[in-house]
Peer 1: 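Below you'll find the structure I mean.
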2 protein chains.
Amino acid sequence: MYEPITIKDIAKALGLSTSTVSRALRGSHEISADTKKLVVEYAEQFNYRPNPIALSLKERRSRSIGVVVCEIANNYFSQAINGIESVAYNRGYHVIISQSHESYEREIVNVEHLASRSVDGLLVSLSAETDKIDHFKNLHDKGFPIVFFDRITDEIETHKVVADNYQGAYNATQHLIDAGYRKIAHLSSAAHLSISIERMNGYKAALADNKISFNESYIKNCNHGGMIYKELEDAVRSLINSKDKPTAIFSAGDKLTVSCLLALNKFKVKVPDDIALVGFSNSPLVELMNPSLTVVKQPAFEMGQKAIELLINLIESKRPVTEFEKVVLQTEIFERNSSIPKAKPKK
Amino acid sequence: MYEPITIKDIAKALGLSTSTVSRALRGSHEISADTKKLVVEYAEQFNYRPNPIALSLKERRSRSIGVVVCEIANNYFSQAINGIESVAYNRGYHVIISQSHESYEREIVNVEHLASRSVDGLLVSLSAETDKIDHFKNLHDKGFPIVFFDRITDEIETHKVVADNYQGAYNATQHLIDAGYRKIAHLSSAAHLSISIERMNGYKAALADNKISFNESYIKNCNHGGMIYKELEDAVRSLINSKDKPTAIFSAGDKLTVSCLLALNKFKVKVPDDIALVGFSNSPLVELMNPSLTVVKQPAFEMGQKAIELLINLIESKRPVTEFEKVVLQTEIFERNSSIPKAKPKK
DNA sequence: TTTTTTTACGCAATCGTTGCCGACAACGAT
DNA sequence: ATCGTTGTCGGCAACGATTGCGTAAAAAAA
């Protein structure tokens, strides 16, 4: 079987003690040049690699961090993970990814699994189902390093990284208004999520600034964040069948935006002629869609980078950190065909 | 700071030895019911969790497996990873994902990093740049468990999981031929990859079976698997500018297919009127594209599941395994608008 | 009562590595 | 010749958990 060489093997082969070998390998000044050379060459020849598990046990840290997201098959998260990885790699950390699939139960299980000493810290974006956060609070109270990104919570004081969801939603809504749409529905994920609240506020503010009254029946929430297609389809159906049918939809999530277009196609609703569509999305493919989608894009890669930087700072900090940072990065809107200016009505 | 409770703490608090505590926790018959109850209740109260790192060191295994893929922001791989995760989770394994970004160097670094005793086995899909596989061979020769999936190699004898790329490519090509296209170009990833070879063979076989002569100039390879857009764009440009311009393109990869459509749009080539397009893709979004894409879809989730099952079997096998399995799963073709039957020419 | 068996627990080694302390030789200074 | 210093290196313990072996006390058998 696969039995890698250890420091003991080297010590035995060379007639030295393990401590001498260890020091020689780490270049300690207490070891003579001759011995060092001997040890280093032997180690190289037999391809010695220090056992990271033994090191973890000794140093009481694993040099790995856990990422808890709802889904990696989501452009926003896979881009964020790329950002996370790029920094983690350079700073000598492993990244362990776990998916909640928007389930509260699975999030708890994953967090427990990761936190029980196999990672040094956690990078978290809450699942859509999660409305209680005791599983994070307990860890955080014990001093376990956690950084939230994207879907954050106010109940825990720690570093946080988010996009400017308010402004992004405001811009999207304003863009629709500028294009001549006034009956704008809002399709969102679970209502309690931070991103949902902020985007909703941006949407409302844009309406208010344009003296458009807010219509409660235009708001549709999908509590499973679009994971369950039927939920989304029902929401879209009720919108297009409502008495005062909206002329545009602003959707607040990657999966929601795309699924919404799917549902509209299915219902033979023409976009943007019958209903315009603008949504949050990080997919590079929306440009190729029929019609090409106007989207608000989050700086996912940068958010991931910033989040893990903050986390590693927490982990490597000598004394307990009490001052926390909230990083807010700007979104960008890409205007395409799904929201081209509305033809003047009733001529 | 965060200092979790250990078996020693329990022993000290209860005036027992660590061995007694350990045995009590694992329900050994050598421990009296009273002592067991005492220990278990104390452990529960203080939320004791065994230190997985100490266990790893003792048992010489980490109960985690490494996944080496080119990119997780790719529908095929994120779906495959979901399959991997679903099985790993149930069998008590962690999954550590690393991305090569199609780079040979990074693949080597990642593999070394993972294999130096932080994972019990490896699930590998080769990067597009990889043409030497010594880094895997060395490990495999030492008895380190590896299972290849998707992009495999013939040079290492172990379990493998692939889609029926030959048949998938054959079907795609035949589909184009049935729709009236005969000048079919083939856009592929690096030529040496197993998937490229198999798909090329399927493509050639379909041409031959329909008595269409093979045209070398219709073959374009992107050695970076579509990671570098310009490479792909150059390939598409040279196809549409060639003397005997093809009327259809069969592309052999997720990123290639989508980028190809992007390039064709950019060059104002109408799909499918000017050039039809069929490609391998696992994106759920191709249905929404303009035009909706005809694709060959791989059973990614199932491939991931099967691959990790085989890997765990290897890891947990008592004696060295010498009989290896090659699992081949069928692809499925979804016919859409990018390959609708060609209008009769020259009327 | 004596011997044997059973019960219930502790001791110490182990996994691979590092930190601390002590040992011992060679050396120059006194 | 003695002392202190410096340069090299080994021994031991520790990180947290498991486990084979040993053994005291209690229970059962003689």
Side-chain angles (χ1 to χ4, degrees), chain A residues 1-40 42-43 46-64 92 113 115-120, chain B residues 1-40 42-44 46-64 92 113 115-120 142:
Chain A
M1 282 303 274
Y2 181 62
E3 281 306 328
I5 187 175
T6 73
I7 228 168
K8 271 190 198 171
D9 301 328
I10 302 182
K12 200 174 295 172
L14 262 37
L16 294 168
S17 77
T18 57
S19 21
T20 304
V21 175
S22 172
R23 274 185 288 251
L25 256 16
R26 330 191 89 241
S28 162
H29 63 276
E30 322 189 32
I31 306 295
S32 70
D34 289 352
T35 311
K36 260 187 207 168
K37 186 156 171 269
L38 192 70
V39 172
V40 169
Y42 189 93
F46 288 90
N47 197 33
Y48 167 78
R49 292 277 175 280
N51 184 328
I53 293 172
L55 281 177
S56 291
L57 183 59
K58 190 122 221 338
E59 294 176 8
R60 300 152 148 278
R61 57 194 306 227
S62 61
R63 295 202 75 85
S64 65
H113 197 185
S116 67
R117 275 167 301 191
S118 62
V119 298
D120 298 337
Chain B
M1 281 303 275
Y2 181 62
E3 281 305 331
I5 188 174
T6 74
I7 225 167
K8 272 189 196 168
D9 301 328
I10 302 182
K12 200 175 295 171
L14 265 36
L16 295 168
S17 76
T18 59
S19 25
T20 304
V21 174
S22 170
R23 273 187 275 253
L25 255 16
R26 329 192 89 241
S28 163
H29 64 276
E30 298 190 51
I31 305 298
S32 70
D34 289 353
T35 311
K36 261 186 208 169
K37 186 158 169 269
L38 193 70
V39 171
V40 169
Y42 189 94
E44 201 139 311
F46 288 89
N47 197 34
Y48 168 78
R49 292 276 176 278
N51 184 328
I53 293 172
L55 283 177
S56 290
L57 183 58
K58 184 112 205 7
E59 295 176 8
R60 302 155 143 279
R61 56 193 307 230
S62 61
R63 294 201 75 86
S64 66
H113 196 185
S116 68
R117 277 168 299 193
S118 64
V119 298
D120 298 337
K142 285 191 220 158

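Proteins get letters first, then strands, A, B, ... in listed order; numbering begins at 1 in each. Scope of the values below: all heavy atoms of this structure, side chains included, with no hydrogens, waters or symmetry mates. Remember, it's a predicted structure, so these values are computed and weren't measured experimentally.
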Peer 1: Nearest 0.5 Å please: distance from the CG atom of Leu14(A) over to the CG atom of Leu38(A).
Peer 2: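 Nearest 0.5 Å value for the CG-CG distance: 4.0 Å.
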
Peer 1: Report which part of the nucleic acid Leu16(A) touches: base, sugar-phosphate, or nothing (heavy-atom distance under 4.0 Å, all strands).
Peer 2: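 Touches sugar-phosphate only.
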
Peer 1: Any side-chain N or O of Ser32(A) less than 4.0 Å from the OP1 or OP2 oxygen of dT8(D)?
Peer 2: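 Answer no for this pair, as no side-chain N or O of Ser32(A) is under 4.0 Å from OP1 or OP2.
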
Peer 1: Would you classify Thr6(A) as touching base, sugar-phosphate or nothing, given that sugar-phosphate means primed atoms plus P, OP1 and OP2, and contacts are heavy atoms under 4.0 Å?
Peer 2: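 Sugar-phosphate: the residue Thr6(A), judged by heavy atoms under 4.0 Å, touches backbone atoms but no base.
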
Peer 1: Using only side-chain N and O atoms of Arg60(B), determine if any of them is under 4.0 Å from OP1 or OP2 of dG16(C).
Peer 2: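 Yes, such a contact exists.
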
Peer 1: What's Arg23(A) touching, base or sugar-phosphate or nothing? Going by heavy atoms closer than 4.0 Å.
Peer 2: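 Contact class for Arg23(A): base.
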
Peer 1: Establish, with yes or no, whether the OP1 or OP2 oxygen of dG10(C) is under 4.0 angstrom from a side-chain nitrogen or oxygen of Ser17(B).
Peer 2: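 For dG10(C), OP1/OP2 do have a side-chain N/O of Ser17(B) under 4.0 Å.
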
Peer 1: Can you tell me whether the side chain of Thr18(A) and the base of dG16(C) have a donor-acceptor pair closer than 3.5 Å?
Peer 2: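 In this structure, the two groups form no donor-acceptor pair.
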
Peer 1: Report yes if a donor N or O on one partner sits less than 3.5 Å from an acceptor N or O on the other, where the partners are the side chain of Thr35(B) and the base of dC9(C); otherwise report no.
Peer 2: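 No pair found.
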
Peer 1: Specify the residue among Glu59(B) and Glu30(B) whose closest nucleotide of DNA chain D lies further upstream toward the 5′ end.
Peer 2: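 Here Glu59(B) is the residue nearer the 5' end.
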
Peer 1: Does dT30(C) have a Watson-Crick or wobble partner in any strand here, with both distances under 3.5 angstrom, and which is it?
Peer 2: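 Pairing partner: dA1(D).
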
Peer 1: On the nucleotide dC15(C), are OP1 or OP2 found under 4.0 Å from the side-chain N or O atoms that Ser56(B) carries?
Peer 2: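 Checking Ser56(B) against dC15(C): no side-chain N or O falls below 4.0 Å of OP1 or OP2.
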
Peer 1: Please confirm whether the shortest side-chain N or O distance from Lys58(B) to OP1 or OP2 of dC15(D) is below 4.0 Å.
Peer 2: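 So the side-chain polar atoms of Lys58(B) never come under 4.0 Å of the phosphate oxygens OP1 or OP2 of dC15(D).
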
Peer 1: Heavy atoms only, 4.0 Å cut-off, all strands: where does Arg49(B) land among base, sugar-phosphate and nothing?
Peer 2: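 Sugar-phosphate only.
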
Peer 1: Please check the phosphate of dT8(D) (OP1 and OP2 only) for any side-chain N or O of Lys36(A) closer than 4.0 Å.
Peer 2: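 For dT8(D), neither OP1 nor OP2 has a side-chain N or O of Lys36(A) closer than 4.0 Å.
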
